[in-house]
Amino acid sequence: MEGAGPHDGDVIAASIDDPDRFTEIFERHFDAIYAYTARRLGRDVADDVGGAVFVEAFSGRARYESDRRDARPWLYGIATNLIHRHRRTEARRLQAYAKVEPADTAAFEVDGRLDAVALGPRLAAALQGLASRDRDALLLFAWAGLSYEDIATATGVPVGTVRSRLHRARGQLRSELDITDPVRSVE
Amino acid sequence: MSDLDLDLLREWSPAPPPSAEVRADALEHLRQQIVAGVRAKPASQFGRRLVIAALAVSVLVAGAIIWAQRAVDDRIDRVKTVTVPDWALGDGTIGKEPVTILVVGTDPRRYEGDQSERTDTIVLVRLAGDGVTALWLPRDLQVDTGKLVDASARGPAFLVDTIRLELGAVVDHYVEVDFNAFERIVDEVGGVSLFFPGPVRDVFSGFAADGPACQTLDGQDALAWVRSRHVELFEGGEWTDALSTRADLDRQRHQQEFVRALSQRVRERIGDDPAAAVRLADVLVPALVVDAGFENDEIRRLVGALVQQEPTNLRLSTLPWKVVGTELQIAQPAADDALAPFRGDRPAPAATATPTPPATTPVHPC
C-alpha cells in the first residue's frame with residue numbers, strides 16, 4: 001500500500017463526486033481479493049464473487065471512512081460476507097479435498113519437513129471442522145495476510161475477539177495435523 | 001507457537017491470479033455500475049458463456065426430441081408463440097438448408113433468487129450438414145440503438161433485425177427458453193449417465209464421481225459437471241489435472257459429450273415410457289416461447305438434424321469482444337471469423353480452425 005500517489009481513502013473520497021476514480025481501487029486490489037476468494041471457493045465461483053466485491057464496495061463507498069489509508073480490510077470484509085453466501089460451495093469443496101484417500105504416513109515428510117500437498121486432505125478436514133468465524137479469522141490471517149487489527153476491522157469485532165478466534169482455530173488445526181514441535185523456528 | 005501450521009496452509013493452497021479475461025470481465029462489470037450509477041445483482045454472467053451456449057443447445061436438443069412425440073401434440077398447441085414478421089426472419093427451412101435459430105434465455109440463478117432481468121443470454125445456434133455451431137453474444141454489446149439487451153427488450157423483430165444489421169447474421173427462427181428447465185429435464189429423465197475413466201473430481205465446483213464406471217448425474221450435478229473447468233482424474237496413485245492447459249477445449253469436449261448423453265437419455269426415457277414425453281413436455285412447454293412460423297413438421301425435422309450429430313460436430317464459441325471506454329464492442333477481425341458460419345458467406349465454418357480436442361473421456365456407452 002506504500003508508493004506514490006493518493007492513498008485508498010483519498011481515492012474513495014474523490015470517487016463520490018467522480019465515480020470513475022473508483023476503478024483505481026479495483027486496479028490496486030482486485031488480484032488479491034480474487035486470489036483470496038478463489039482459495040476459499042474455487043475459481044469458478046471467484047469469477048463471479050471477485051467482481052461482485054467491487055460492485056458492492058462501489059455502491060457502499062459513501063460509508064467508507066476516508067481517513068483509513070488502506071482499503072484492504074474493508075474489501076476483505078465485503079468479500080467475507082459474500083463468501084458466506086456460498087457456504088455450501090465451500091463445504092463441498094473442502095469435502096472433495098478431504099475425501100482423497102490418505103497416503104502413506106511416511107509420505108507426509110519430504111526431506112525431513114512436512115509436505116503440504118500430502119497433508120492436503122487433513123488440512124481440508126481441519127478447515128471444515130472450524131467454526132465459520134474462526135475459519136474467517138484464520139484464513140484472513142494466513143491467506144490474506146491481514147494483521148489482527150485489520151481482521152478486527154474487516155469482521156467488525158474487537159481485536160481481542162480476533163486473537164481468541166485465531167488462537168482457537170490454530171489450536172484445532174495443529175492438533176488435527178498432529179504438529180507437536182513447539183519450537184520450530186520460522187524460516 | 002511455531003508457524004508450521006500457517007506455512008502448510010499457505011503452501012497447500014497457492015494464490016491463483018485471475019485470468020486476463022476474468023479481470024477484464026470484472027472491471028467491465030464495475031464500469032457498467034459506474035455508468036449506470038445503480039447497484040447490480042451480485043451474481044452476474046461472468047464466466048458462464050460457454051456454459052450458456054451448451055445449455056442452449058442441450059435444451060434445444062432435448063426439447064426437439066420431446067416435441068417430436070405424437071403424444072405431446074396437444075401440449076405443443078399450448079406453447080406460447082410470438083409473431084415475428086416475415087421481413088425480419090430469413091427463410092431457412094430445417095432439414096433443407098442451414099438454419100439459424102436465435103435462442104434468448106434466462107440464466108439459471110444458482111446463488112440468488114433474482115429474476116428481475118428477463119433476458120440474460122442471447123445465443124445464435126446454427127444447424128447445418130456439417131454440425132451444430134452455437135455462438136454466445138454478450139448482452140451488453142454496443143449496437144447502433146444502445147445495447148443488445150435493450151434491442152431484445154423492444155421485441156423479437158427488433159432484436160432479429162439488429163443482429164442482421166449489426167452482425168450480418170440472418171436468423172430464421174426465434175426461441176425463448178427459461179434455462180431453469182435444464183435441471184428439471186435432467187431430473188425428469190432420471191439423470192444422465194456418463195462414463196468416467198477413473199475417480200474424477202473438481203475441487204472448485206465440488207463435483208466428484210467414482211470410476212472407472214458409468215455414473216448417473218442428477219440435475220444439479222449435471223449443471224456442476226457442465227460448468228467444470230478444473231477436472232482432476234485419479235490415476236497412477238495421484239490426482240492429475242485431466243485438462244492441463246487445454247482446459248477450455250476439454251470443457252467443450254465434455255459439454256459436447258454431455259449434450260449427446262442427455263439427448264440419448266431423453267430418447268430412451270420416452271421409448272421406455274411414452275407417458276414420460278408428456279411429463280417432459282409439461283416441464284418444457286411453460287419454459288418456451290417460439291416464433292409463430294415454427295411448424296410441427298419443421299420441429300420434427302429439427303429432431304432429425306440434431307440427434308444425428310456426432311458430439312464432435314458441436315462447436316461452442318463466444319463472440320470476441322473488447323472494452324472500449326465504458327462500452328463493450330466486438331473485437332475484429334476475430335469476430336468476423338466467429339460470425340462467418342452465420343453469415344453464410346463462407347461454405348465452411350471458421351471454427352474448424354480449432355482442432356478437435358482429443359478425448360480425455362473416451363466415448364463409452366452407459
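The sequence lines fix the lettering, A, B, ..., with proteins before strands; numbering per chain opens at 1. Below, each value reflects all heavy atoms present in this structure, side chains not excepted, and no hydrogens, waters or symmetry copies.
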Honestly, the part of B:Pro199 sitting under 4.5 Å from a heavy atom of chain A is neither
| said: Check this for me: does any side-chain nitrogen of one of B:Arg10 and B:Asp7 sit under 4.0 Å from a carboxylate oxygen of the other? | reply: yes
| Taking side chain as C-beta onward, heavy atoms only, is A:Arg133 less than 4.5 Å from A:Thr161? | no
For a 4.5 angstrom cut-off between non-hydrogen side-chain atoms, does A:Ile25 reach A:Ile12?
yes
Residues passing the side-chain hydrogen bond (donor to acceptor under 3.5 Å, both in side chains) test with A:Arg39, sequence neighbours excluded, are none
ring-ring contact (aromatic ring centres under 6.0 Å, His included) test vs A:Phe22 passes for just one of A:Phe30, A:Tyr64, A:Phe58, namely A:Phe58
Listed by number, the residues in residues 124-131 of chain A that come under 4.5 Å of chain B (heavy atom to heavy atom) are A:Ala124, A:Leu127
Within residues 135-151 of chain A, contacts to chain B at heavy-atom distances under 4.5 Å involve A:Leu138, A:Leu139, A:Phe141, A:Ala142, A:Trp143
ask   = Would you say the side chain of A:His29 lies within less than 4.5 Å of the side chain of A:Asp8, judging by non-hydrogen atoms?
value = yes
| request: Start with the C-alpha gap between A:Arg21 and A:Asp18, add the side-chain angles, then the distance that decides, and say whether side chain to side chain contact (heavy atoms under 4.5 Å, CB included) holds. | output: CA-CA 6 Å; A:Arg21 292 288 306 273; A:Asp18 181 5; 3.5 Å; yes
Residue set satisfying side-chain contact (heavy atoms from CB on, under 4.5 Å) with B:Ser19, at least two apart, ordered chain then number -> B:Glu21, B:Val22
Does any N or O in the side chain of A:Arg68 come within less than 3.5 Å of the main-chain N or O of A:Trp74, such that one atom is a donor and the other an acceptor?
no
Mark yes or no for whether A:Glu90, through its side chain, and A:Ile83, through its backbone, hold a donor-acceptor pair below 3.5 Å.
no
